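Written out below as structure tokens is the structure these notes cover.
Just so we're on the same page: letters track the sequence lines, and every chain starts at 1. Not measured: the values here are computed from a predicted model.
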Number of protein chains: 2
Amino acid sequence: MPKRYSPDKKDINTEEKIKIAARSVFHKKGFVATRTRDIALEAGINLALLNYYFRSKEKLFDIIMAETLHTFVASLISVLNDESTSLQHKVEAFTKAYIEMLIREPEIPIFIMSEMHHHPDKLLARLNAKALLFESAFAKQYVQEFEKKNIAAMPMLQFLMNILGLTVFPFVASPLLKKIGNLSGNEFNALMKERIKRIPEWISLIMNPDAHP
Amino acid sequence: MPKRYSPDKKDINTEEKIKIAARSVFHKKGFVATRTRDIALEAGINLALLNYYFRSKEKLFDIIMAETLHTFVASLISVLNDESTSLQHKVEAFTKAYIEMLIREPEIPIFIMSEMHHHPDKLLARLNAKALLFESAFAKQYVQEFEKKNIAAMPMLQFLMNILGLTVFPFVASPLLKKIGNLSGNEFNALMKERIKRIPEWISLIMNPDAHP
DNA sequence: AATGCATTTAATCGAATGATTAAAATAGTT
DNA sequence: AACTATTTTAATCATTCGATTAAATGCATT
């Protein structure tokens, strides 16, 4: 981001155009498969402007990834830290917020998971992932409800795997699932909207303390 | 695979060495990120031998992918088509077979899902994914049990999303989950082994016809 | 040993790609 | 209008990477 001689709308526009194009192409193809020329073409700008505004492909990628990660965890954080809602309500709010976000941006999970597998240290270094979960209002409630025997005994990480698996996995496997079920994009999304209602019910059943021996 | 002047152990060894190395590198880095030189180095062979035996990087990749897909669905097929076992038993057998396979080869899910997202047509063209599920012994039983009201009403595809989400997703998200839970590889695997027992229980609870209004 | 085919090697090619450069165009300030 | 800093463009560079080639080596049959 070069120093500006004066605030200028065109500068902001070009920079923003590049970011929008970069986000789209990176999300679709991942870091290694995207060419800076793809981004320049999509943005309708000269190739050199990418390096002029962002120095390198990698620096541009880092910015996009940081923003994408924020999208991915922001809705989660607000749900987890609402002191005023019950555990059951949090599950409902999370499922709804997440699935609606994933319907809008279905490439995000595979994008993040893929990059995370190939460069775990780089991506996870900044993220204080542990505190995110274990120091939340949700975590306190979870422990309390367990002590009151209102929910079954289950490590919080297993619970997290379950709710993420049920909500996020279909978007990771969407090409396979669409093929198996012969689904269009809209039909797939309809199934996902159905899951907004069902997943909290299923989670309740799983967490029912009386159902387990 | 050039015609052989005579059956020769060294030939087979070189070809096999390349395939083993290719499988390892492709699984770890995906198609675009792996260089043929990586494979040659890992196999301890001259770079040109890769093209000599397999013509191109892509042809080699296609072979590896076909084998990997087979690994991924083979254990599934045998479970789904065993006429002699109950639905409940099939869930148990599937979970056990799949999680044990994924502990051995944890990169397979992200490898397949990632390539599938980037080239869905190429990968899914051959796979008769629909018949795989809907024409199985499992499918017949599923419909029967539903008609007898022994299981809750749930589209088979939702059921598939649930069981795959619960079993496979943790391996897709493993870098994130390890970071959140501060887990070593062995600790992560221990959690997965625990899930072999738990997932069938959870599925039973979800499918209980009396639990739903 | 001589022959013939298969395998292996070192060297190199051509295309693709991220990045840079120098010149041209643009826009704000005086 | 003249000046100055910024932005944009076209051309080019250096490197990487998949693939090929021609020569060398290995090996079985005769």
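Rounded to whole Å, the distance from CD1 on Ile18(B) to P on dA19(D) is 13 Å. A straight line from OH of Tyr53(A) to P of dT6(D) spans 11 Å, rounded to a whole angstrom. Atom CG of Asn51(B) and atom C1' of dC17(D) are 11 Å apart (whole Å). One interatomic measurement links the two molecules: NZ of Lys57(A) to P of dT17(C), which rounds to 9 Å at whole-angstrom precision. When rounded to the nearest whole Å, the span between CG of Leu49(B) and C1' of dA24(D) equals 13 Å. In this structure, Arg37(A) atom CZ and dA10(D) atom P are separated by 14 Å, rounded to whole Å. Between the P atom of dT26(C) and the CG atom of Asn13(A) lies a distance of 17 Å, rounded to the nearest Å. Atom NZ in Lys29(B) sits about 13 Å away from atom C1' in dT16(D), given to the nearest Å.
Under a 4.0 Å N-O distance rule, the pair Asp82(A)/Lys90(A) does not qualify as a salt bridge. Between Glu92(B) and Lys96(B) there is no salt bridge, since none of the side-chain N atoms of the basic residue sits less than 4.0 Å from a carboxylate O of the acidic one.
Between Thr14(B) and dT7(C), a side-chain N or O to OP1/OP2 separation shorter than 4.0 Å is absent. Phosphate proximity of dG18(C) to Thr36(A): present, with a side-chain N or O under 4.0 Å from OP1 or OP2. In terms of phosphate contacts, Asn46(A) brings no side-chain nitrogen or oxygen within less than 4.0 Å of OP1 or OP2 of dT8(D). Residue Tyr52(B) places none of its side-chain N or O atoms closer than 4.0 Å to OP1 or OP2 of dT21(D). For Ser56(A), no side-chain nitrogen or oxygen approaches OP1 or OP2 of dG18(C) to under 4.0 Å. Put simply, Arg35(A) has a side-chain N or O that comes within less than 4.0 Å of OP1 or OP2 on dT17(C).
For residues 103-118 of chain B, no residue pair satisfies the salt bridge (Lys or Arg N to Asp or Glu O under 4.0 Å) rule, not counting sequence neighbours. Each salt bridge (Lys or Arg N to Asp or Glu O under 4.0 Å) pair with one or both residues in residues 56-79 of chain B, not counting sequence neighbours, appears once here: Lys19(B)-Glu67(B), Arg23(B)-Glu67(B), Glu58(B)-Lys122(B), Asp62(B)-Lys122(B).
Taking the centre and axis of the six-membered ring of Phe188(B), the NZ or CZ atom of Lys178(B) falls inside the cone set by 45° and 6.0 Å.
Counting non-hydrogen atoms under 4.0 angstrom, Leu47(B) reaches a base of the nucleic acid.
Distances from the side chain of Ala48(A) to the nucleotides dA10(D), dT17(C), dG18(D) place dA10(D) closest.
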